[in-house]
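Below is one structure, written out as structure tokens; the observations come after it.
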Amino acid sequence: MLPTGKNKDALLALVYQLSEEIRGKPLDGALQEWLNRHYGPGTQRYESLARLIRLGVDEQWCAYVEIDGPDYRRGRIAEPVYETADMSVESGLLKDVKGQYHCHTKGEINMIVPLEPGSNFCGSSAGWRVFAPMSEHYPTVQGRALMMFFLPGGKIEYKDAP
């Protein structure tokens, strides 16, 4: 059973709405552009999601598992179910970290919430970054950032770098 807290249902309601809006869309640059236009920084939707995942860290249902010390934490928020468009919803809290190399077998959608000026995830600041199916990388954060990411089918493959 996944951890819960006072504000988790409010986050999930917004995630379900977002999931319905992107259901069936290819994970590509067009989706990244759409997300940044409709759910990007400065929009009420982005600000609400960012506020709620920050509260999730405080309530310990977001980024609740240390992967490599306190500067590299992750935690699942929701399993891949119909309401999430069959994507798992994950969270991460990273500071100056080069994370575990992995392949997005079905793609990945990332919401980036910088917690310090100049923070970024793989070169992207506040907003959304979409990785196409079968893309691979080290998740790299400069500064401190909170992440929410969506994995179709909950699929991700951790592997050795080429």
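Keep in mind it's a predicted model, so treat the numbers as computed, not measured. Heads up: numbering here begins at 1 and tracks the sequence.
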Spatial distance of atom CG (L55) from atom NZ (K8) [nearest 0.5 Å]: 14.0 Å
Contact check, side chains of R54 and L115, non-hydrogen atoms, under 4.5 Å: yes
Minimal non-hydrogen separation, G154 against S88, with atom names: CA-OG, 3.3 Å
Atom of Y46, atom of G42 and distance for their closest heavy-atom approach: CD2-N, 4.4 Å
H38: partners by side chain to side chain donor-acceptor pair (under 3.5 Å), with sequence neighbours left out: W34
Counterpart residues, side chain to side chain donor-acceptor pair (under 3.5 Å), relative to N7 (two or more places apart): E59
Pairwise distance CG(D68) to CG(L94) - rounded to 0.5 angstrom: 10.0 Å
Close side-chain approach of I77 and L2, heavy atoms under 4.5 Å: no
Salt bridge (charged side-chain N to carboxylate O under 4.0 Å, His left out) pairs, two or more places apart, involving residues 34-43: E33-R37
Salt bridge (charged side-chain N to carboxylate O under 4.0 Å, His left out) pairs, two or more places apart, involving residues 84-108: R76-E90
ring-ring contact (aromatic ring centres under 6.0 Å, His included) partners of residues 53-78, not counting sequence neighbours, each pair once: none
Non-hydrogen side-chain atoms of I112 and N120 separated by less than 4.5 Å: no
D28: side-chain contact (heavy atoms from CB on, under 4.5 Å) partners, not counting sequence neighbours: P26, A30, L31
Nearest heavy-atom neighbours spanning G92 and A63: C-CB, 4.0 Å
Same apolar cluster (I L V M F W Y, side chains within < 4.5 Å links), M148/I109: yes
Gap between atom CZ of R23 and atom CG of L18 - 0.5 Å precision: 11.0 Å
Check: Q100 and P139 side chains under 4.5 Å, non-hydrogen atoms: no
Y39: side chain to side chain donor-acceptor pair (under 3.5 Å) partners, not counting sequence neighbours: E21
All side-chain contact (heavy atoms from CB on, under 4.5 Å) counterparts of T84, not counting sequence neighbours: V15, Y16, S19, A78, V81, V89
Apart from M1 itself, residues in the same hydrophobic cluster as defined by side-chain heavy atoms under 4.5 Å: none
Candidate list I53, L14, T43, test side chain to side chain contact (heavy atoms under 4.5 Å, CB included), partner S48, passing option: L14
Side chain to side chain donor-acceptor pair (under 3.5 Å) against R129, all qualifying residues, sequence neighbours excluded: S124
Pairs satisfying salt bridge (charged side-chain N to carboxylate O under 4.0 Å, His left out), at least one member in residues 140-162, at least two apart: E136-K159
Shared hydrophobic cluster, F149 / L11 (ILVMFWY, side-chain heavy atoms < 4.5 Å): no
Qualifying ring-ring contact (aromatic ring centres under 6.0 Å, His included) pairs with a residue from residues 94-115, counting only residues at least two apart or across chains: Y101-Y138, H102-H104, H102-H137, H102-Y158, H104-F131, H104-H137
Between CG on residue L27 and CD on residue Q32, distance to nearest 0.5 Å: 10.5 Å
Non-hydrogen side-chain atoms of M87 and P80 separated by less than 4.5 Å: no
Cluster link L49 to L93, ILVMFWY, side chain under 4.5 Å: yes
Path from L151 to M134 over hydrophobic side-chain contacts below 4.5 Å: no
hydrophobic_cluster_shared for V141 and V57, side chain cutoff 4.5 Å: no
S125 to S119 - nearest heavy-atom pair and separation: OG-O, 3.6 Å
